[in-house]
Amino acid sequence: LAIDWSREVATCHPKYYKHQQKMFLDLYKNDLVYRKESMVNWDPIDNTVLANEQVVDGKGWRTGAPVERRKLNQWFFRITKYADKLLDGIKTLERWPEKVRLMQENWIGKSQGAQLKFDLTTPLHCHSERSEESRDSSASPQNDSEKIQIEVYTTRPDTLFGASFVGLAFDHPLAKELAGNKEGYDAFIKECQATGTSEAAIEQAEKIGFDTGHRVAHPFIEGKELPVYLANFILMDYGTGAIFGCPAHDERDFEFATKYTLPILPVVDMPAEEKLPYTGPGKIVNSEFLNGKNVDEAKAAAIAELEKQQRGTGVTKYRLRDWGAVRQRYWGCPVPFIHCDTCGIVPVPADQLPVELPHDINYDAPGNPLDRHPTWKHTTCPQCKGKATRETDTMDTFVDSSWYYLRYLDARNENEAFSKKATDYWGAVDQYIGGVEHAVLHLLYSRFWTRALRDCGYPVPADEPFTGLFTQGMVNHATFQTEDGKYVFPTDVEQNEKGDWVTKDGAKPVKIGPQIKMSKSKKNVIDPQDIIDTYGADAARLFILSDSPPDRDIEWTTAGIEGAWRYINKLHRMMMEASSELKDVGAMPSSFSEAAIKLRRETHKAIDGVGRGIEAFHMNKAVAILRELSNAISSFKPNDAGDTWALREAVEAFVQMINPMMPHLAEELWEQLGHKTPLTQTQWPKADPALLENDTVTLAVQVNGKMRTTITLPASADQKAAEAEALAQDTVKAALEGKAVKKIIVVPGRIVNVVAA
RNA sequence: GCGGGUGUGGUGAAAUUGGUAGACGCGCCAGACUCAAAAUCUGGUAUCGCAAGAUGUGUCGGUUCGAGUCCGACCACCCGCACCA
């Protein structure tokens, strides 16, 4: 392991973020950054935007006030432009865990469906009040007639005949107009706004709807009309922000229809044992021209008919949404834009970069300190030289982490973020390691950012930033909270005589929470420095490596650390005793005792196994194999020169292999063996294939699948010999009493199974 | 709610990917050494049973000569759900 400190990077330093501001401007030039309105959580008492994490049970974490969903004009990265490329790119990521590739695929969420328009059959009352906003793309352009259309997206056009309502997001451009003056609308909107903005909060909220009283015509059934509802489970961000509901074949529509007593019309023939809602395959029924077709055929036929009517078309949609690029916080890279009353939004000229954060800020009031700063945001417009203000939003820190790997390649370069020379030399990241928590967001943002930079002309090394990925499991720990909800460090609490958790300082009662991933905000963190101080770095390292496989979640505990420490002491003792006789063993003898051959087999099997373990990140298995080898070494008593040679071979291989686990002691032991070259400069040992095979094999013997005994045979023994030997066993004879042997299954090297009845 | 994982002794885990479940540790028990303790060494340790044997990999069901491993349904916990990063 080598760390080149001259390449140290701090994303909060202007030397880093000045490049990021340049990138932001380049993305803007390439139409990969834009502004639009989006929903945020709003704390009405603090008058500030809240992160999803700061919304607890629908209330602001500091004020306890119910949060509101509000719209805010913000910057977005156009990641959706890359949806298909990011999806296709997953296929090339052969050294990524399957689960992460699956999660990314699902997150991008490509779906084939249909987009179609329903005609409103009921008149709108207040046409004159219709705002500009309500004429955007989701509502079709109005011509001279007063025909209003609602465009919906569906992945199940085959179930159109089962439609029983049309639903719109509560913030759909047409929503207000459709509601008109109808009673209950304001209350309904208020209730929708009271749900947080997180998808989990929206999906888990009780489904509520508002009947607008309007009707639309069914596109395929002459004279049939469907009611138009507003509903809180329809997302404006996905599809067209409007759906048609087919309760018989969709979970959410079913729940909604049940609540508002809407018809539930099955149109897919389903197995008798299934219940509604049924989402499986089957033949279409009750659907006129679609009857008898399977789901896929019916989808195609429905789309063809919609296209014929010029009412709709087949479309591909993605679940992926554009990336909200900014936050209303001090701590982040300032967005290099200026707001001018005359010129609008003006990029900061490149020669004025970086736009640096002020250092004299105060956190006394809630909200963004940049916005409240007395001078920082006031500037002049680069175009008209008039008075203007700086953008006070700062970039999401995910932006910082989307390209830091590129900066490492050329961190000493003052002039540019990274040069072609550097990226040509280093290439993409060979092996990336991080927690599964990053499976989607960070890893997708980096993949996007890399492509976006490439398309802005930056010399990125490859389309994919990380060729290999390993995801560690979460290191979990219980959380502790005082009665006023403040988190406290595990090291600051203890159990009193009654077994209750209290703070060490003042014995205030603390509530113990579940084992969750260690995080700064929840303070459930332990500093491993303590175990390094007490037991040394080698023991700490061995302990961590030998404990759990790194891809599994663990509950952090130091139970067992003493075992690692004792083991290290033991190795040191053993070596002090043995090193003198192992120093000069001479040339490899031509023959070995049986015991020496056994030890050599164990040594070479260990070399093979440890290598495999490390390659596969199974460090705990590698350690286990090494402990087996050291057990074999410590119980081996040499009787002749060949034995001593074999022992030296075993010890040497052991020391070389334990080097990554306990580098300090391993180096010491290596010197004890008389070596002058440092261990770190030696070659990893190689296993002799001839010593990986045994000359005998042990087979398990089963009768009807039940283990009875084992037999040991020469490796060369054939199937007949194995059968005969198995049948000769007393335990087998006993188990077969009164039964006739029907057949015998022999799996070479593994088992013999006698099937009898 | 949705997407992805995990579940094996008192405990961390292993099992060559359908073939001897529990390797290797931690802990515990017993013994040796010691006036004693610690350290160290030796042996034991899935459960029930004196034994023969039976049972056992979250639960229930299935496929198979054979299931921790495959299939179906469920339960619990963890990660993520786009403003924690």
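So that the names make sense, note that chain A is the first sequence line, chain B the second, and so on, each numbered from 1. Not measured: the values here are computed from a predicted model.
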Inset, instruction - Go along nucleotides 56-72 of chain B 5' to 3' and tag each nucleotide: B for a protein heavy atom under 4.0 Å from its base, S when only backbone or sugar atoms are that close, - otherwise. - result: ---------BS------

Could you run down the sub-3.5 Å N/O contacts of the protein with nucleotides 27-30 of chain B?
from	atom 1	to	atom 2	distance (Å)
B/rG27	OP2	A/Arg566	NH2	3.0

Legend entry - Donor + acceptor pair across side chains of A/Asn41, A/Asn52 (<3.5 Å):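 Yes, a side-chain donor-acceptor pair sits under 3.5 Å.
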
Legend entry - Those residues of residues 615-628 of chain A lying under 4.0 Å from RNA chain B by at least one heavy atom: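 Contacts with RNA chain B under 4.0 Å: A/Asn620, A/Lys621, A/Ala624, A/Arg627, A/Glu628.
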
Inset, instruction - Could you list by number each residue of residues 194-208 of chain A showing a heavy-atom separation from RNA chain B of less than 4.0 Å, or answer none if no residue does? - result: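 Those residues whose heavy atoms fall under 4.0 Å from RNA chain B, taken from residues 194-208 of chain A in numerical order, are A/Ser198, A/Glu199, A/Ala200, A/Glu203, A/Gln204.
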
Legend entry - All stems with RNA chain B, defined as three or more consecutive Watson-Crick or G-U pairs under 3.5 Å: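 If one scans RNA chain B for consecutive Watson-Crick or G-U pairs, the stems found are B:1-7 with B:75-81, B:10-12 with B:24-26, B:27-32 with B:40-45, B:46-48 with B:53-55, B:58-62 with B:70-74.
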
Inset, instruction - Remember a base hit wins even if backbone is also touched, and classify A/Leu320 as base, sugar-phosphate or nothing at under 4.0 Å, heavy atoms. - result: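 If one applies the 4.0 Å heavy-atom cut-off, A/Leu320 turns out to touch a base.
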
Legend entry - Nucleotide nearest A/Asn52 (side chain, heavy atoms from C-beta), chosen from B/rG12, B/rG19, B/rC84: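 Ranking B/rG12, B/rG19, B/rC84 by closest atom to the A/Asn52 side chain puts B/rC84 first.
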
Inset, instruction - Applying ring-ring contact (aromatic ring centres under 6.0 Å, His included), name anything that partners A/Phe77, two or more places apart in sequence or on another chain. - result: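 If we apply the ring-ring contact (aromatic ring centres under 6.0 Å, His included) test to A/Phe77, skipping adjacent residues, the hits are A/Phe24, A/Trp323, A/Trp449.
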
Inset, instruction - Return no unless some side-chain N or O of A/Arg573 is found under 4.0 Å from OP1 or OP2 of B/rC41. - result: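 For A/Arg573, the contact criterion (side-chain N or O under 4.0 Å from OP1 or OP2 of B/rC41) is met.
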
Legend entry - Between B/rA82 and B/rA14 - P atom distance, rounded Å: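 It works out to 33 Å between them.
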
Inset, instruction - For A/Leu235 and B/rC81, give me the distance from atom CG to atom C1', rounded to whole Å. - result: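 Interatomic distance, CG of A/Leu235 to C1' of B/rC81: 11 Å.
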
